[in-house]
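Report on the structure given below.
Quick note: residue numbers are just sequence positions, from 1.
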Amino acid sequence: MFSQSSSNTGINPYRVTSDSILAAPEDFRARLRFLGPGFILSASIVGSGELIATTRLGAEAGWVTLWVIIVSCLVKVAVQLEFGRNAIYSGQTTMAALNSLPGPRIGRAHWSVWTWLVLMIVKLLQLGGIVGGTALVLAMALPAVPLWVWCYGAAIAVSLIIYRGSYRPVERISLVFIGLFTLLTLASVLAVQATSFRIEGAELLSGLLFKLPPEAVLVAIGAFGITGVGGDEIMGYNYWLLEKGYAAYTGERDDSPAWSVRAQGWIRVMTLDALLSMVVYTLMTAAFYLLGAAILHSQGLLPEGMALVETLSRLYTESLGSWAGALFVAGAFVVLFSTLFGALALWTRLLSDAFAQIGWLNFQDTKERHRAIALVAWIVPLIWATLFLLVKLPAMMVIIGGVAGTGILLIVVMAVVYFRYKEAPASLPTTLRYDLILWISILVIGLVALYGTWQVLA
């Protein structure tokens, strides 16, 4: 279904030249061969947001905040598309694009790069919670093995997969993960309809009335920052677009008619990629929320602390039967490990590129880039594991990371406005409908961030 990426054909995807240009496919079936970047994001999204934050929100608030989850998944895609457009027509990486923005600088790097790095320190907690959740799942299967062994074992396992820095394995493994957790989750949602926890139409309707109980605000803001494409996923999306070859196939920008046609064609491919992946993660997110509201909220159960996995296992055992405990272990491991896998793949690119903007390395150089990716791939997961063993509150760690993710979204929004009105080529016009949707996305993200800040301070 998917074509080779440019990084697998000997082309350096981070150097856009005229040697790699390729006309974009015109029909739907041909475009399917070039999809992939959005599904890597789906693999990293469905895990921390869905299995932990989303079910926690459903367990705490019940049906009333279903709309938060749906809006969170749908509203950020326009920002993701505009960010991706910039990668295709400029050929710039995310951090290079941020570093080209006007405004104050500290040393060689723009303030937005430094702010992102500070927020990512907080995001370490989020992935620490995911490593911890993965370890708790494995400990549930084999409790005789100490938890710290599972924790560092999961960290080392994901490092082994990612450290080589190749695009194609990331894409293929992501697709496997997506297929597995889609089947497991949808089976649970269908099975719950045959139990006393079945989901009624009136309950679904009550979740679409745009109400937000005060006691659920922090969890809702955290869930908004994590579910759907978060700020770090939007930033990371551009690396997958580049490594898949969209910018290389478009060629170096010269604003000629031929270049404009190629750019518009690859932007259409990207749009299809982003929208199809949005359908996947929106369905998964809504499914986990429904399970949390139907099974956990009705029993007054909250997935938190070291009992996180045991509580979450009820999503399966209460819907499928006690025999499904083993199925939950398998399903939870797939979902959580997919997040570690996808997130580490993103973090290796983002951090290496950020360090390059500071002046520590040359990200354009293939050898230096791969060396930096490998180093980050081995160090960061060990930090995640250590943080979990120190804090041991996986659900809260994930929620805190989600709040930081909302801050990263604000950096993305600021950059997107500049890209749209200062850098976008006149030869790549957008429609009024596109601009309207983009501004709705920008305003919603901004309002959620402001409202969350006000609620926290209040």
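The side-chain heavy atoms of T250 and I21, taken from C-beta on, include no pair separated by under 4.5 Å. D273 is not listed as a side-chain neighbour of K244, based on a closest heavy-atom distance of 4.5 Å or more. Between Q357 and R108, the closest side-chain pair of non-hydrogen atoms is not below 4.5 Å. For the pair L340 and W384, the minimum side-chain heavy-atom distance is below 4.5 Å. Between V417 and K422 there is no side-chain heavy-atom pair separated by less than 4.5 Å. The closest side-chain heavy-atom distance from L119 to I411 is below 4.5 Å. Taking 4.5 Å as the limit, some side-chain heavy atom of M95 sits within range of a side-chain heavy atom of L98. Counting heavy atoms from C-beta outward, V269 and P25 have side chains that approach closer than 4.5 Å.
Under the rule for a side-chain contact (heavy atoms from CB on, under 4.5 Å), the partners of A385 that lie at least two apart in sequence or sit in another chain are V131, C151, Y152, A155. By the side chain to side chain donor-acceptor pair (under 3.5 Å) test, D254 pairs with S256, sequence neighbours left out. Every residue two or more places apart in sequence or in another chain that forms a salt bridge (charged side-chain N to carboxylate O under 4.0 Å, His left out) with R253 is listed here: D255. R31 meets the salt bridge (charged side-chain N to carboxylate O under 4.0 Å, His left out) test with no other residue; sequence neighbours excluded. By the ring pair (Phe, Tyr, Trp, His ring centres under 6.0 Å) test, W266 is found to be paired with F34, Y246, Y249, residues two or more places apart in sequence or in another chain being considered. Applying the side chain to side chain donor-acceptor pair (under 3.5 Å) criterion to S206, with sequence neighbours excluded, gives no partner residue.
Between F83 and Y237, the distance from one ring center to the other does not fall under 6.0 angstrom.
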Would you sort out whether L186 and M284 count as a side chain to side chain contact (heavy atoms under 4.5 Å, CB included), showing the intermediate values?
CA-CA 8 Å; L186 292 182; M284 292 299 96; 3.8 Å; yes

Apply the test side chain to side chain contact (heavy atoms under 4.5 Å, CB included) to residues L290 and L204: give CA-CA distance (whole Å), side-chain angles for both, the deciding distance (0.1 Å), then the verdict.
CA-CA 9 Å; L290 294 176; L204 286 176; 3.4 Å; yes

Test side chain to side chain contact (heavy atoms under 4.5 Å, CB included) on F355 and L117; report intermediate values, then the result.
CA-CA 10 Å; F355 296 150; L117 280 168; 4.3 Å; yes

Are T366 and Y14 close enough, and set up right, to give a side-chain hydrogen bond (donor to acceptor under 3.5 Å, both in side chains), and what steps lead you there?
CA-CA 9 Å; T366 302; Y14 293 101; over 6 Å; no

Evaluation steps, side chain to side chain contact (heavy atoms under 4.5 Å, CB included), between F288 and I69
CA-CA 10 Å; F288 277 114; I69 299 302; over 6 Å; no

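Among pairs with a residue in residues 369-381, those fulfilling side chain to side chain donor-acceptor pair (under 3.5 Å) read N12-R369, at least two apart in sequence or across chains. The stretch residues 97-123 participates, sequence neighbours left out, in no ring-ring contact (aromatic ring centres under 6.0 Å, His included) pair at all. Pairs of residues two or more places apart, or lying in two chains, that qualify as salt bridge (Lys or Arg N to Asp or Glu O under 4.0 Å) and include a residue from residues 330-357 are E243-R349. Listed by first then second residue, pairs satisfying salt bridge (Lys or Arg N to Asp or Glu O under 4.0 Å) with a partner in residues 426-437 read R420-D435, not counting sequence neighbours. For residues 397-414, no residue pair satisfies the salt bridge (Lys or Arg N to Asp or Glu O under 4.0 Å) rule, not counting sequence neighbours.
A salt bridge is absent between K76 and E233: the closest approach of a Lys/Arg side-chain nitrogen to an acidic carboxylate oxygen does not fall below 4.0 angstrom.
Atom CD1 of residue I40 and atom CD1 of residue I173 lie 10.0 Å apart, to the nearest 0.5 angstrom. Distance CD1/I445 to CG/L409: 5.0 Å, rounded to 0.5 Å. Taking CD of Q126 as the reference point, atom CE of M120 lies at 8.5 Å (rounded to 0.5 Å). We find the OG-CZ distance between S166 and R172 to be 11.5 Å, quoted to the nearest 0.5 Å. How far CE of M414 is from OG1 of T115: 8.0 Å, rounded to the nearest 0.5 Å. Atom CZ of F39 is separated from atom OG of S277 by 5.5 Å, given to the nearest 0.5 angstrom.
Heavy-atom neighbours of R105 CZ from other residues, nucleotides or ligands within 6.0 Å: above the threshold of 12.
The two residues G36 and Y167 have their closest heavy-atom pair at C-OH, 3.7 Å. Among all heavy-atom pairs drawn from V16 and A247, the shortest one is CG1-O, 3.7 Å. In terms of heavy-atom proximity, P13 sits nearest to L242 at CB-O, 3.0 Å. Nearest heavy atom pair, residue A287 against residue V189, reads CB-CG2, 3.6 Å. Considering all non-hydrogen atoms of both residues, S352 and I373 come closest at OG-N, 3.6 Å. Q80 approaches A274 most closely through the heavy-atom pair NE2-CB, 3.8 Å.
Between W439 and Y421, the angle of the ring planes lies from 30° to 60°, which puts this pair in the tilted group.
Under the 3.5 Å distance criterion, with hydrogens and angles disregarded, a donor-acceptor pair is assigned to the side chains of T65 and Y289.
Judged by distance alone, with hydrogens and angles left aside, the side-chain atoms of S159 form a donor-acceptor pair with the main-chain N or O of A377 at under 3.5 Å. Formation of a donor-acceptor pair under 3.5 Å by the N238 side chain with backbone atoms of T94 is not found in this model. Checked by atom type and distance alone, the side chain of E368 pairs as donor or acceptor with a backbone atom of N362 at under 3.5 Å.
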Side-chain donor-acceptor contacts of residues 85-92 below 3.5 Å, not counting sequence neighbours, with atom names and distances?
residue: R85; atom: NE; partner: E82; partner atom: OE1; Å: 3.3
residue: R85; atom: NH2; partner: L428; partner atom: O; Å: 3.3
residue: N86; atom: ND2; partner: Y89; partner atom: OH; Å: 3.3
residue: N86; atom: ND2; partner: E423; partner atom: OE1; Å: 3.2
residue: Y89; atom: OH; partner: A424; partner atom: N; Å: 3.4
residue: S90; atom: OG; partner: N86; partner atom: O; Å: 2.5
residue: S90; atom: OG; partner: Q92; partner atom: N; Å: 3.1

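No option in T271, V279, L272 other than T271 meets the side-chain contact (heavy atoms from CB on, under 4.5 Å) test with L275.
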